[in-house]
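Here the structure is laid out as structure tokens; the discussion comes afterwards.
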Amino acid sequence: MIIQRAAVLRGSKAPPRPVRWRAETGGTRALGSIGGLRTKEYAVPELSVTLVTAAGAEQASVAVGTTAMDLVGGDRSVVVARINGELRDLATDLADGDTVEAVSVESPEGLAVLRHSTAHVLAQAVQDTFPEAKLGIGPPVKDGFYYDFSVEHPFTPEDLKVLEKRMQQIVKSGQRFARRVVTESEARHELAGEPFKLRLIGSEGGADVMEVGGSELTIYDNIQAKDGSTCWGDLCRGPHVPDTRYIVPNAFKLMRTAAAYWLGDQANEQLQRIYGTAWPDKEQLHAYLTFLEEAEKRDHRKLGAELDLFSFPDEIGSGLAVFHPKGGVVRRVMEDYSRKRHEEADYEFVNTPHITKGALFEKSGHLDWYAEGMYPPMQLDSDIDEDGHVRRQGVDYYLKPMNCPMHNLVFDARGRSYRELPLRLFEFGTVYRYEKSGVVQGMTRARGFTQDDAHIYCTREQMADELDKLLTFVLDLLRDYGLEDFYLELSTRDPEKSVGSDEVWVEATEVLREAAEKQGLDLVLDEGGAAFYGPKISVQAKDAIGRTWQMSTIQLDFNLPERFDLEYQAADGTRQRPVMIHRALFGSIERFFAVLLEHYAGAFPPWLAPVQVIGIPITDDHNDYLYDVAKRLKAEGIRVEVDTSDDRMQKKIRTAQKSKVPFMLIAGDEDVANGAVSFRYRDGSQRNGVPVDEAISDIVSAVRNRIQVESAPA
RNA sequence: GCCAAAUUAGCUCAGUGGUAGAGCAACCGCCUUGUAAGCGGUAGGUCGUCGGUUCAAGUCCGACAUUUGGCUCCA
């Protein structure tokens, strides 16, 4: 028993709150101020707890009845506590032996709690405004939160404004989030009007959602600050911020509405979802909104139209792009460089048709498990007489959704020797997939696209070395296109849904893991995420504004070699089955194009830019001079134009700037007199009076070295 | 595929039942200019398509197409 100085809330029935405790090192120290509270000395039983801070763990003695808030909640940025490894409300009473750590709103967990609490405020606002709305679930998600509701009419943008206002009021009123453990029957009784919540209570560990989970059912009541009345409640496992004032009124925003299936299952009824975002302060909200704006500016669909690169004509169909001349140049340069690198890496180039008889996809199994993703067949050559009798059986032709079966036929076109392995068959193979109408999205999810596809056939012994070389090859190539920041994702076997022996899977997965680890990049496990036919590694790349894109995939396949009965003759004369590796480094050219376009915001490095140099004469008198410069650049393989339109030169600069040409070469009387040109770069910087020879060699070297050029050299 | 919203000139967008508009781009002319829009003129639309309501439809209703945001899917 020790004597402690304790603070008592005026008029409160709450137990004494100790504000001092004795640290193990001896002595006492203040825990933090509790302003405006009377203090009084109490004799209270003590508890021994471990306080974890950035500095380390220390033992402390506190009075019985001490809450996590008392111990670690002094700072408003602390929103919850981690007690014995679990996130708990700050109002939680501590128990002897607890390990307690403050969780800041700036930490990922703290932020998620803030967002989840904001979702509760949204739900309360919705039920205040639309009393008939039934509650779905409302978890935190990346950058924010959502809450699903069952309502008769979908929410409108105007509704969102009203709801946002109501949320501000709730937040400002400072309602306390109070946790209450209930029995199942109590919960059922209280939530009789909430059919979806009732279903959650019923689901036995099936649904892993914020609402239920853990050993007990809990309801969070919202308690009014002014009179202590309960104004709203929700089934929720928590935890929450202590009260709604922890939510900053101008740091959250409702973003959009959308429909969503109950528990994400297409077979379930559809609910109306409201997405919101919430942040610790308004600066972070502002930064997030700015990021969204930046992303919108870089949207490849928008830039594609603005820069005249490609379009999706209605007449052709959804998800089918045409490349315009400027986009065609970029695409060709991308392909050319990729081809060159593949040639150097000992790939062999093959070419296969876009359509095939159905028999091929029966053999590969695609018609069994991928038919939904394929365009329906073209029926050819059937001949039916007037009586309806089939005189000649027709044949179904399909557009190919994948290249692998065709490559297998190339492998199988003659007997193969172990001496030929690894055999690497490469093709820019155009495939067609009947993506569901709602999922088509610009170049990143198209119905027709070209893969930089290769299939590598090797022996099991060669597999490790081949994968190792392959990963190095991929990363090296992606870096040449200006992507620098990668991590790898390893998808492992789903035992429920896979073919091949355990032994082969284990070996292959290990081999992939080792190859990945050698690269020294972060490796994320995607447990059970592999296709049924083999484990996979994918390369995820971060773009200039920090978004990650799945780029390359490298996939082992134990299924197709079997189905196609692929064999090679080994050194000992026996016939052996090769290991097959599928790999696409760009994923698809279209997708990679889109990623690069967004990464560079349209300002491609000179080697990829559709127009690399534009000559801008000050007056018409300088046209011929620039034509001569352009001729010399063209001789070096540079894509150059001279703007001889009627516009004034300022206008030409503006036009060139908007089309993001890396080098503007301006020439007037002074330049002509000196045999020079003046550079203007994309950031507006200048470099004047550069001798023509030097200008040409600078441009040529920037292109040859594939470097990005935004501004005048320092 | 499902839910919602959108679709008007090449592009961006006005136009709330009564004679289709603007800016930019295009074309023609004038201007001859030193680092982000010189001036004037001309032309350009079956208002996504089809159907319905109405004396009258870009506008109201329905179907379809396409796009966008989500859900589901992306092996």
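As the structure is a prediction and not an experimental result, all values here were calculated from the model. Sequence lines set the chain letters: A, B, ... in the order given, protein chains first and strands last, and positions in each chain run from 1.
- Across all strands shown, A/Ser437 has heavy atoms under 4.0 Å from base atoms, whether or not it also approaches the sugar-phosphate.
- Applying the 3.5 Å distance criterion, the base of B/U72 shares a donor-acceptor pair with the side chain of A/Lys436.
- Atom pair A/Lys660:NZ and B/A36:C1' shows a separation of 13 Å (rounding to whole Å applied).
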With Watson-Crick and G-U wobble geometry limited to distances under 3.5 Å, how should the secondary structure of RNA chain B be encoded in dot-bracket form, using | for bases paired to another strand and [ ] for crossing pairs?
(((((((..((((....[..)))).(((((.......))))).....(((((..]....))))))))))))....
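- No engagement by A/Gly534 is indicated, since no non-hydrogen atom pair under 4.0 Å with the nucleic acid exists.
- The distance from atom OH of A/Tyr146 to atom OG1 of A/Thr277, rounded to the nearest 0.5 Å, is 15.0 Å.
- With hydrogens and angles left out, the side chain of A/Arg680 and the base of B/A36 share a donor-acceptor pair within 3.5 Å.
- Distances shorter than 4.0 Å separate some side-chain N or O of A/Arg301 from OP1 or OP2 on B/U68.
- Of the charged side-chain nitrogens involved, at least one lies within less than 4.0 Å of a carboxylate oxygen, so that A/Asp148 and A/Arg273 count as a salt-bridged pair.
- Between the side chain of A/Arg654 and the base of B/C24 there is no donor-acceptor pair of N/O atoms closer than 3.5 Å.
- Remark: A/Gln657 is not in phosphate contact with B/A37, judged by side-chain N or O atoms under 4.0 Å from OP1 or OP2.
- The side-chain hydrogen bond (donor to acceptor under 3.5 Å, both in side chains) pairs that include a residue from residues 529-540 of chain A are A/Ser538-A/Gln540, where partners are two or more places apart or lie in different chains.
- Across all strands shown, A/Ala260 has heavy atoms under 4.0 Å from sugar-phosphate atoms exclusively, and none from any base.
- Put simply, A/Thr655 has no side-chain N or O that comes within less than 4.0 Å of OP1 or OP2 on B/A37.
- Nucleic acid contact for A/Glu372: none, since no nucleic acid atom lies under 4.0 Å from a heavy atom of the residue.
- Among the atoms of the strands shown, none is found under 4.0 Å from any heavy atom of A/Tyr146.
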Any N/O pairs under 3.5 Å between the protein and nucleotides 28-32 of chain B? List them or say none.
| residue | atom | partner | partner atom | Å |
| --- | --- | --- | --- | --- |
| B/U32 | O2 | A/Asp620 | N | 3.4 |
| B/U32 | N3 | A/Asp620 | OD2 | 3.2 |
| B/U32 | O4 | A/Asp620 | OD2 | 3.3 |

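- At a threshold of 4.0 angstrom between heavy atoms, the contacts of A/Asp647 with the nucleic acid are absent.
- The phosphate of B/G70 has neither OP1 nor OP2 within less than 4.0 Å of any side-chain N or O from A/Tyr261.
- Interface remark: the A/Gln270 side chain does not form any donor-acceptor pair with the B/C3 base, using a distance-only criterion of under 3.5 Å.
- Residue A/Glu670 is in base contact, counting any heavy-atom pair closer than 4.0 Å across all strands shown.
- An OP1 or OP2 oxygen of B/A25 is reached within less than 4.0 angstrom by a side-chain nitrogen or oxygen of A/Lys651.
- Within the 4.0 angstrom heavy-atom criterion, only backbone atoms of the sugar-phosphate kind lie near A/Tyr533; the bases stay farther away.
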